[in-house]
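Before any comments, here is the structure.
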Amino acid sequence: MMPLRRFQMHQPKNVAEAAEMLAHYGEKGRLYAGGTELLLAMKHDLLRYEHLVDVKTVPGLDKIEAKNSSLHIGGTVTHRAIENSPLVRERLPVMAEMARQIANVRVRATGTLGGNICFAEPHSDPATLLLALGAKARVQGRNGERTLAMNEILVGAYETALAADEILTAIEIPLLAKSQRAAYLKFQVHERPTLSLALVLDVDASGNAITKARAVVGSVSLTPCRSDKADALLVGPRDKVEKQLADAAQVLAEAADPGDDLEGSAEYKRHLTGVFLRRAFAQALSGAPR
Ligand SMILES: Cc1cc2nc3c(=O)[nH]c(=O)nc-3n(C[C@H](O)[C@H](O)[C@H](O)COP(=O)(O)OP(=O)(O)OC[C@H]3O[C@@H](n4cnc5c(N)ncnc54)[C@H](O)[C@@H]3O)c2cc1C
């Protein structure tokens, strides 16, 4: 690893000032949150910046709140804070459970949700679950605020739709309705997930039929992937859907189109999609609403 090149750290007082700084420093500057990805890439000399803008000094971005049937998680909230938040644990336990499975306690205590999404590393745990939950990212730049769905903000590996002066200020996640069940599972051998699978199901009053489904497979393609055709196979009476799980997994894996890499062959990842869809389906329907 290379010694870190010299850079200047700037501490904006608010989001508008952070946006101005990013615009001013252009390609020489970058937003800095926990630094778990950024500083590592800079130490390896993969990225070079002369100015880092420390978003953690901006007040208010580290809050977790429930508003209008949604959970709002500020851009600088750490994975550890999500894992330990009584509000998240009570209102959206699947999110707290996902955060608990990220990396190790050192990374979780420093790495932020905003940094995870904005780095757009393909093996992101939060990205997979947030897409299944229908979460949206609030972003702010010099020209004002906008809201992006997860499939809009994540456009490729290490690539987002954010303009250079835009800051992710919060992730808004709809809370699950009483009729909804969710599960998040992953398979991991190395430092990051080999495959992650998130599933949200709407069930009817009897609990025996699925009226709507959203399955997302992550970590096997550049961005998390879902398929309307796979979701349609997950709707219907429970026993019928159980028989269609293998077909749904095949369709989902085809949509994701995994490749061979150090995590495993494409065929292995297609197989894992089937295994984890079946497990997620059983888990989602096994307990209390999540
Ligand atoms: C050893 C190790 C293991 C890991 N394992 C996992 C894992 O199992 N699952 C997983 O999902 N992740 C894993 N990670 C990734 C980890 O979750 C991320 O490193 C962390 O969340 C990134 O947040 P950060 O605050 O450190 O971002 P930084 O490193 O500070 O920033 C990352 C990028 O995002 C940009 N950025 C940061 N915040 C914002 C914002 N609010 N608005 C706009 N742009 C922003 C920065 O400019 C930079 O380009 C692992 C990381 C390490 C080092």
Side-chain angles (χ1 to χ4, degrees), residues 33-34 56 59-103 105 107-118 124-139 145 147-151 153-154 168-186 193 196-205 207 210-216 218 224 226 231 234 279-290:
K56 293 196 308 306
L61 298 187
D62 59 349
K63 282 195 190 139
I64 304 179
E65 294 169 299
K67 286 188 213 167
N68 309 327
S69 327
S70 298
L71 202 59
H72 290 217
I73 303 185
T76 63
V77 172
T78 63
H79 303 305
R80 186 82 171 136
I82 296 170
E83 171 189 359
N84 288 334
S85 158
L87 186 63
V88 183
R89 289 163 78 120
E90 189 199 324
R91 305 293 297 275
L92 198 58
V94 69
M95 185 72 192
E97 181 54 25
M98 177 281 300
R100 191 186 65 75
Q101 297 177 46
I102 292 175
V105 72
V107 171
R108 291 202 297 280
T110 320
T112 62
L113 185 60
N116 184 293
I117 297 304
C118 294
S124 159
D125 284 289
T128 306
L129 178 60
L130 291 173
L131 178 60
L133 291 171
K136 294 196 167 140
R138 286 199 72 76
V139 305
E145 277 192 89
T147 303
L148 297 167
M150 294 313 294
N151 59 346
I153 190 169
L154 296 168
L168 186 153
T169 54
I171 298 282
E172 297 175 0
I173 316 166
L175 289 166
L176 295 177
K178 279 206 168 75
S179 59
Q180 289 183 305
R181 311 283 183 272
Y184 176 77
L185 295 169
K186 69 168 166 176
S196 45
L197 205 135
L199 183 64
V200 179
L201 300 175
D202 284 52
V203 293
D204 72 354
I210 291 101
T211 56
K212 199 171 163 202
R214 197 169 167 95
V216 176
R226 54 173 296 277
D231 289 350
L234 297 171
R279 288 184 190 171
F281 185 80
Q283 181 169 315
L285 294 180
S286 67
R290 295 171 66 95

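Excluded from the calculations below are hydrogen atoms, water molecules and symmetry mates; all remaining heavy atoms, backbone and side chain alike, are included. The first residue in the sequence is number 1, and the count goes up from there.
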Does [X] use its side chain to pair, donor to acceptor, with the backbone of [Y] at less than 3.5 Å?
X	Y	result
Arg108	Ile102	yes
Arg214	Ala198	no
Asp62	Gly74	no
Arg80	Val77	no
Ser85	Ile82	no

Any idea which heavy atoms bring [X] and [Y] closest together, and the distance?
X	Y	answer
Val94	Ala182	CG1-CB, 4.2 Å
Pro174	Gly134	CD-O, 3.5 Å
Leu154	Ala127	CD1-CB, 3.7 Å
Leu201	Ala284	CD1-CB, 4.1 Å
Ala215	Leu234	CB-CD1, 3.8 Å

How long is the gap from [atom1] on [X] to [atom2] on [Y], to the nearest 0.5 Å?
X	Y	atom1	atom2	result
Glu83	Gln101	CD	CD	10.0 Å
Glu172	Ser69	CD	OG	12.0 Å
Thr76	Leu168	OG1	CG	10.0 Å
Ser286	Arg279	OG	CZ	14.0 Å
Leu199	Thr128	CG	OG1	12.5 Å
Leu87	Lys63	CG	NZ	13.0 Å

Do [X] and [Y] touch side chain to side chain, with heavy atoms closer than 4.5 Å?
X	Y	result
Leu175	Leu71	yes
Thr110	Thr78	no
Asn116	Asp125	no
Ile153	Lys136	no
Lys212	Ser179	no
Met95	Ile73	yes

- [ ] Please identify each residue that fulfils side-chain contact (heavy atoms from CB on, under 4.5 Å) with Ala135, with sequence neighbours left out.
- [x] Leu130, Met150, Ile171, Ile173
TODO: Tell me, with the steps shown, if Arg89 and Asn84 meet side chain to side chain contact (heavy atoms under 4.5 Å, CB included).
DONE: CA-CA 7 Å; Arg89 289 163 78 120; Asn84 288 334; 3.9 Å; yes
Open item on the list: Which residue in the set Thr211, Val200, Val203, Leu133 passes side chain to side chain contact (heavy atoms under 4.5 Å, CB included) when paired with Gln180?
Closed with: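 That would be Val200.
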